[in-house]
Amino acid sequence: MSDAFTTHVLNINTGSTEKVFDLTGDCERFLRVAAAGRDGLLNLFVPHATAGIAILETGAGSDSDLLAALHTLLPADDRWQHRHGSPGHGRDHVLPALVAPHATLPVLGGRLELGTWQSVCLVDTNRDNPDRQVRLSFLGGS
């Protein structure tokens, strides 16, 4: 495969609670090797029906606010037609319609171009499956 396109899979254990998991450091480590100072695009993709990728501030409460907002929009109760798994699990299958399972971000000079307070995060509300994969793909110029 050409060095214009490089991909790597992160294996992440999110545990048994709903989580906003910061991937920014993982993205930066991947780009140090994959981008090697070049401009391009970083794509993140979560191949799961119950998780998503969000760009948001972490550490100041926004991650908890996001989970609280998802609880309001997608209550974990018996209203969902999709009923396997823990009670309210059907809501987890609606999550990717609100928090997309992918994001594409600019890379300049081998560095991820985020705003001052932005972080790249995995959003996982599914307590039934703690083992997640996130595919990082860099598409760069020569």
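All heavy atoms count here, side chains included; hydrogens, waters and symmetry mates do not.
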Side-chain contact, heavy-atom cut-off 4.5 Å: Leu95 with Leu70? yes
Given side chains that start at C-beta, do those of Thr104 and Leu139 come closer than 4.5 Å, heavy atoms only? no
When you compare the side chain of Val9 with that of Arg135, does any pair of heavy atoms fall below 4.5 Å? yes
Which residue pairs pass the salt bridge (Lys or Arg N to Asp or Glu O under 4.0 Å) test with at least one member in residues 65-81, sequence neighbours excluded? Asp77-Arg79
Quick one: does Leu112's side chain get under 4.5 Å of Leu105's, heavy atoms only? yes
Tell me whether Phe45 shares a hydrophobic cluster with Val120, the cluster being built from Ile, Leu, Val, Met, Phe, Trp, Tyr side chains joined at under 4.5 Å. no
Should Phe5 and Phe138 count as side-chain neighbours, where that means a heavy-atom distance under 4.5 Å? no
Looking at every non-hydrogen atom in both residues, tell me the closest pair between Cys121 and Asp22 and how far apart they are. SG-CA, 4.1 Å
Short side-chain donor-acceptor distance under 3.5 Å, Thr58 and Asp63: no
Pairwise salt bridge (Lys or Arg N to Asp or Glu O under 4.0 Å) hits with a residue in residues 106-125, at least two apart: Asp124-Arg132
Calculate, to the nearest 0.5 Å, the distance between atoms OG and CG belonging to Ser137 and Asn43 respectively. 5.5 Å
Restricting to ring pair (Phe, Tyr, Trp, His ring centres under 6.0 Å), what partner residues turn up for His93, sequence neighbours left out? His82, His84, His89
Between Val107 and Ala35, the two heavy atoms sitting closest are CG1-CB, 4.2 Å
Can you find a heavy atom in the side chain of Val46 that is under 4.5 Å from one in the side chain of Ile53? yes
Would you confirm whether Trp80, through its side chain, and Pro87, through its main-chain N or O, come within 3.5 Å as a donor-acceptor pair? no
Same hydrophobic cluster for Val134 and Val99, using side-chain heavy-atom links shorter than 4.5 Å among ILVMFWY? no
Under a 4.5 Å cut-off applied to non-hydrogen side-chain atoms, are Ile12 and Leu23 in contact? yes
Leu114 side, atom CG; Cys27 side, atom SG - distance, nearest 0.5 Å: 8.0 Å
Taking all heavy atoms of Ser86 and all of Asp128, pick out the closest pair and write down the distance. N-OD2, 2.8 Å
Residues in salt bridge (charged side-chain N to carboxylate O under 4.0 Å, His left out) contact with Arg83, at least two apart in sequence or another chain: none
Quick one: CG on Asp131 to CG on Asn11, what's the gap to the nearest 0.5 Å? 8.0 Å
For Arg127 and Thr17, which I'm curious about, is there any donor-acceptor pair between the side chains at under 3.5 Å? no
All side-chain contact (heavy atoms from CB on, under 4.5 Å) counterparts of Pro130, not counting sequence neighbours: Asn13, Thr14
Report the distance from atom CG of Asp26 to atom CG of Leu10, rounding to the nearest 0.5 Å. 5.0 Å
Between Leu56 and Trp117, is there a side-chain heavy-atom distance shorter than 4.5 Å? no
List for me each residue that meets salt bridge (charged side-chain N to carboxylate O under 4.0 Å, His left out) alongside Asp92, sequence neighbours excluded, and say none if there are none. none
Here the pair of heavy atoms bringing Pro96 nearest to Pro101 is O-CD, 3.8 Å
